[in-house]
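Beneath this line is the structure, given in structure tokens, with notes to follow.
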Amino acid sequence: MENQEEQQDNTSDQNHKPQDLPQVLLLKPPPVLSVIGEQPFLSKKYQFLKAWESPLPLLQFLTAHADSIQAILCSGAAPVTDDLLQLLPSVRLVVTASAGTNHIDLEACHRRGISVTNAGNVFSDDGADAAVGLLIDVLRKITASDRYVRQGLWVNKGDYPLGSKLRGKRVGIVGLGGIGLEIAKRLEAFGCNVLYNSRKKKAHLSYPFYSDVRQLAANSDALIICCALTNQTRHMIDKDVFSALGKEGVIVNIGRGAIVDEKEMVRCLVHGEIAGAGLDVFENEPDVPKELFELDNVVLSPHRAVFTSESFMALCELVMFKVAITEPYCHHKCWTQPNRLARVS
Ligand SMILES: O=CC(=O)O
């Protein structure tokens, strides 16, 4: 059956030379490219313009394709700016292979009538597992005690210091979207008290809501940051929030590095003004402040919280689907071929 469909599909595509196909711009290889690039369904329907493979300087490359690029497939690695969109007047859709959209000028897209779509809830489970995992790791010193055993210190120095219990902790979640809600569910199961800060109080939830993140910190033993990075949330976790969280407080960040004032966080960790941190994201990735390498109460992870092989495959399917359902956005005749939804269902 699949082969039959494949053959029909070949036939329907025979009339289209690659240069006639609708063009999707990729500025840098998004992680999903290795999977979606191998999907005959997509490569026969769309021409993926890979900017990094062109011998032309970027500006010349974009100018050469300015009128034919109708969609952009991106990830956090390459920002979609107003200046870029200015060069590409035919773009109607931006698909990002990420949950975060902070690398896209959303206001410029809105003004230009360009639709933007992201990874939706594909990452919610894995992001939540990783956030709770980092919290448990910091509290119970799992990674640090692993180092202790490997370095032979158990034999030479004796028992490792005690960790701290998760049950009963008051955990403040900053950002109660898809990932935040999954974190809350998991923490409830662990016997924690969940509190939250969000743009708005969620009427259907009974967790205590704090509109002021400092108040949330003052009432929490740990803060988990999983909100979006926006102009409002940049450096929202600042000196005052750390001081409200206090000496026994732990911070976990799986959102974006810049939501936290990183210099201030490092200072607080170095001086023992907060108890520890579990960090998947940093302000200038892949650079991580070197001071953190020395601290046993800090667990570091290379921006991998949301990625598992399963979430990666789900993301690829979603991106393919989103690139495929472009008919409402794009005007080229090839965008309107029938049966494209059947191909991804
Ligand atoms: O950090 C990962 C994402 O935004 O998808």
Side-chain angles (χ1 to χ4, degrees), residues 26-36 71-81 93-107 109 115-135 137 173-183 186 198-199 223-237 251-260 262 265 277-289 292 299-323:
L26 294 99
L27 286 168
K28 289 205 175 147
V32 287
L33 185 65
S34 54
V35 177
I36 64 164
I72 300 175
L73 172 57
C74 65
S75 67
V80 176
T81 61
L93 176 71
V94 174
V95 178
T96 180
S98 60
T101 53
N102 53 294
H103 52 289
I104 302 171
D105 187 334
L106 295 176
E107 201 279 315
C109 289
S115 300
V116 178
T117 176
N118 72 345
N121 281 335
V122 156
F123 292 140
S124 299
D125 280 332
D126 297 295
D129 291 348
V132 176
L134 284 169
L135 178 60
D137 194 333
I173 301 177
V174 180
L176 210 63
I179 295 179
L181 277 171
E182 289 300 324
I183 294 174
R186 284 155 179 72
S198 195
R199 264 169 303 183
L223 276 189
I224 299 186
I225 316 303
C226 53
C227 60
L229 173 62
T230 62
N231 289 340
Q232 288 71 42
T233 63
R234 186 173 296 275
H235 282 197
M236 176 173 71
I237 308 300
I251 181 160
V252 169
N253 190 2
I254 60 149
R256 284 289 181 269
I259 298 168
V260 172
E262 193 169 85
M265 177 183 67
L279 307 169
D280 181 59
V281 286
F282 305 88
E283 273 205 83
N284 299 305
E285 294 172 8
D287 289 336
V288 174
L292 298 179
V299 179
L300 304 171
S301 135
H303 201 147
R304 269 288 169 268
V306 299
F307 277 119
T308 57
S309 34
E310 290 86 350
S311 74
F312 188 79
M313 283 316 294
L315 172 68
C316 292
E317 275 166 28
L318 185 77
V319 167
M320 287 193 285
F321 180 77
K322 291 203 165 173
V323 173

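Both counts, for ligands and for their atoms, begin at 1 and track the order of listing.
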Between Asp125 and Arg186, is a salt bridge (Lys or Arg N to Asp or Glu O under 4.0 Å) present by the stated rule, with each step listed? CA-CA 10 Å; Asp125 280 332; Arg186 284 155 179 72; 3.1 Å; yes

Could you tell me whether a side-chain N or O of Glu182 sits under 3.5 Å from a main-chain N or O of Ala128, the two making a donor and an acceptor? no

Measuring from atom CD1 of Ile104 to atom OG1 of Thr96, what distance do you get when rounded to the nearest 0.5 angstrom? 4.5 Å

Output for ligand 1, non-hydrogen cut-off under 4.0 Å, lists Ser98, Ala99, Gly100, Phe123, Arg256, His303, Val306

Answer whether the closest heavy-atom distance between the side chains of Leu181 and Ser124 falls below 4.5 Å. no

Is Cys227 close to Met236 at the side-chain level, that is, under 4.5 Å between some pair of heavy atoms? yes

Using side-chain contact (heavy atoms from CB on, under 4.5 Å) as the criterion, list what pairs up with Val306, not counting sequence neighbours. Phe123, Ile179

